[in-house]
Amino acid sequence: MQNKAIADMLEEIASMIELEPGDRHFEVRAYRRAALSIETLQEDVADILRNRGMEGLKEISGVGEGIGAKIKEFIETGKMRKYDELKKKYPVDFKGLTKVQGLGPKKIIKLYRKLGITDLESLKKAISSHRIMKLEGFGEKSEAEMEKALGFLESSKGRLTLGQALPEAESIATKLRKSKLAYRVEVAGSLRRMRETIGDIDILVISSEPKKVMEFAANLDEVDSVIAMGETKATFWLTIGTSCDIRVVEQNSFGSAMQYFTGSKSHGVKMRQIAIKKGFSLSEYGLFDKKGKAIASESEEEIYKRIGMDYIEPEMRENIGEIELAIKHMLPKLIRYGDVVGDLHVHTTHSDGAEKIEEMASYAEKIGMKYIGISDHSQSEFVAHGMDDAKFMEYFKEIDRLNEKLEGRIRILKSGEVDILKDGSLDLSNKTLDEMDYVLATVHGNRNMDRESMTKRVITALSSGRVGIWAHPTGRLINAREPLQLDLDKIFEVAKDNDVVMEIDAYPDRLDLNDENIRKAKSYGLKFAIDTDAHRASNFDFIRYGIGTARRGWLEKKDVINTMNIERMLKALKANA
DNA sequence: GCCGTTTTCGGCCCGACTGTTTTCAGTCG
């Protein structure tokens, strides 16, 4: 997929045009807009070009005749002349340097012309020899800020996962609430949209004492240093290695502020454009008419309504078609956070889990689960103490005994996380598989097969008639391991024919299937199970990350089998039921 | 350069914060 590369090039072209003589900032904005569209596009641009040609490209918002031709040129020849020409003139690594907080194209080019700085490496040298503070337009403070920003860049290993950032944000929000300085404190931004990784933490505060709120926040344990601090807006660097924006607004603009600070950027831009067309203007302070009179500002619901559409849930706000559906009153009714009543992927001390079956079951019961499927590893996963057929039989007996003891307060189901071997066969005997209430199957070993062989391997397994759920389908680990090479379209078709349920593994490093693949799978008519893959009782809390991801995938309650009671759920899991 | 229930020409989202060129440009979200 070349989308990211193309988006990066368009973004760099924008930066370079900004440096050209004359006021071309609308042209710059056009390139930026196109870059943003392509970066967040769900479909491969090359596929669009192949299937629908130039017309297809022009359907991408922000892409017209000119940018479309440049994208086509790049896909067909691997080159973009406009980019190369500009790059000759401005031989600077904008992509790297703009990552330094406070550096934009104008400053970057000044640093290049005066000091020959072309990349992060040469910037670092200039800073350490104190050449920047002597430049006109820069000063001691700018140089110090740049040094700090460079340090942040090196210490942050890219984006944090949702599972790392959300608890941190909640901890800060809780402390702010307890401070009694605020009427209301809410987490906004990409965390509220439940994106799988986040670039920073956004917290919105309603208070009549903004100054005190900022001072209080600056002294929290989580805060490493202050990047910027004004009356209503501050940015802190946190010890976990990301920044945190805190904004203080008044009660009467809470809704518009939440709408604004939740994003996504591209969703917000589209909303503002629609507002303008209707003769309004929308900002974080409210929706206003031409005379500047406030139409709506206290609640998000009111703002969406007054602009002429249904309320859009935060997880859907990515400008990938949700606004159009909201106008037509055709939004899906998303699954809710309390809708899951069972967990079908749970580990115990029988393989690599930390707690016994009984302990996991009793915790699950406590948090309101009606059933859990115990799914310890099969023999090939010897590092995870996977079990052979004989051991599985023992463990089934234990489950029978426990179910009797629990007297139906919670039902424990028999399953196993069974390896899909290299040839597509399953890692246990049919006799053992038949004893299970359902089979959870997945690829673990031999991950480096090519796309065709890996696809065949999975299809062989899923068409065996024995697989109930395909667990963490792509096998990716966020920030750590690439997904398996798979032709998901082909596999989803086979899965549909065989009634195989797709898993959404809620383990925060996995979130697999991801939002985009969930939408694709749903288009094939597939059903889903949202599971925690819990290895200890506290991991059951991960379920919200899975539900958030499902909501990002536009799933409704009826798409997810473990929202159903046990009889209906097992029926939906036809294999082995 | 893009785009059209005001337009095929003439508009294009907008407010906060910072450092420094002391009145605002550059950057950010």
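Naming: A, B, ... by sequence-line order, numbering from 1 per chain. All figures in this text were calculated on a predicted structure; none of them were measured in a lab.
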With a 4.0 Å cut-off on heavy atoms, is A/F261 in touch with a base, just the backbone sugar-phosphate, or nothing at all? nothing
Between A/R33 and A/R272, just flag the one whose closest nucleotide in DNA chain B comes earlier from the 5' side. A/R33
Applying salt bridge (charged side-chain N to carboxylate O under 4.0 Å, His left out) to A/D93 and not counting sequence neighbours gives none
Can you pull out the residues from residues 85-111 of chain A that lie within a 4.0 Å heavy-atom distance of DNA chain B? A/V100, A/Q101, A/G102, A/L103, A/G104, A/P105, A/K106, A/K107
Taking all non-hydrogen atoms of both residues into account, name the closest pair between A/E18 and A/K106 and its distance. O-CE, 3.8 Å
Residues forming a side-chain contact (heavy atoms from CB on, under 4.5 Å) with A/A275, sequence neighbours excluded: A/F280, A/L282, A/L287, A/I307
Can you work out whether A/I60 or A/K277 has the more 5'-proximal nearest nucleotide on DNA chain B? A/I60
Check: A/I6 and A/I75 side chains under 4.5 Å, non-hydrogen atoms: yes
Can you check the distance between B/dC2 and B/dC13, where both ends of the measurement are the C1' atom (answer in whole Å)? 15 Å
With a 4.5 Å heavy-atom cut-off, do A/K305 and A/Y311 have their side chains touching? no
Separation between the P atoms of B/dG10 and B/dG15, rounded to whole Å: 26 Å
Looking across every strand, which nucleic acid part, if any, lies under 4.0 Å from A/T235 by heavy atom: base, sugar-phosphate, or nothing? nothing
Interatomic distance at C1', B/dC3 relative to B/dT8, whole Å: 9 Å
Is the A/Y90 ring parallel, tilted or perpendicular to the A/F94 ring (thresholds 30°, 60°)? perpendicular
Base, sugar-phosphate alone, or nothing: which one does A/R247 contact when heavy atoms must sit under 4.0 Å apart? sugar-phosphate
Could you tell me if the side chain of A/R131 sits less than 4.5 Å from the side chain of A/L135, heavy atoms only? no
What side-chain hydrogen bond (donor to acceptor under 3.5 Å, both in side chains) pairs are there with at least one residue in residues 109-127 of chain A, not counting sequence neighbours? A/D119-A/S122, A/K124-A/E154
Take atom C1' in B/dT6 and the same atom in B/dC12, then report the distance between them in whole Å. 15 Å
By side-chain contact (heavy atoms from CB on, under 4.5 Å), which residues pair with A/K99, not counting sequence neighbours? A/L153
Return the pairing partner of B/dT8 with a 3.5 Å limit on both distances, Watson-Crick or G-U wobble; otherwise return none. none
Quick one: list whatever passes side chain to side chain donor-acceptor pair (under 3.5 Å) with A/R272, sequence neighbours left out. none
The first and last nucleotides of DNA chain B lying within contact of chain A, meaning any atom under 4.0 Å from one of its heavy atoms, run from B/dG1 to B/dG29
Whole-angstrom distance between B/dA25 and B/dT20, as gauged at atom C1': 10 Å
What is the nucleic acid contact for A/M271, judged by heavy atoms within less than 4.0 Å: base, sugar-phosphate only, or nothing? nothing
Results of side chain to side chain donor-acceptor pair (under 3.5 Å) for A/K87 - residues two or more places apart only: A/E12
Got more than 12 heavy atoms from elsewhere within 6.0 Å of CZ, A/R81? no
With the threshold set at under 4.0 Å for non-hydrogen atoms, list the residues of residues 128-149 of chain A touching DNA chain B in residue-number order. A/G137, A/F138, A/G139, A/E140, A/K141, A/S142
If the condition is side-chain contact (heavy atoms from CB on, under 4.5 Å), which residues does A/D515 pass it with, not counting sequence neighbours? A/R519, A/R552
So what does A/V63 touch, heavy atoms closer than 4.0 Å: a base, only the sugar-phosphate, or nothing? sugar-phosphate
Write down the distance separating the C1' atoms in B/dC28 and B/dT22, rounded off to the nearest Å. 23 Å
Contact residues, residues 305-320 of chain A to DNA chain B [heavy atom, < 4.0 Å]: none
By side-chain contact (heavy atoms from CB on, under 4.5 Å), which residues pair with A/A218, not counting sequence neighbours? A/V226, A/M229, A/F236
Hey, does A/D200 reach any base, or is it just sugar-phosphate, or nothing, if we go heavy atoms under 4.0 Å? nothing
Specify whether A/Y304 and A/H267 have parallel, tilted or perpendicular ring planes, treating 30° as the upper limit for parallel and 60° as the lower limit for perpendicular. tilted
With P as the reference atom in both, quote the distance from B/dT5 to B/dG1 in angstrom, rounded to an integer. 23 Å
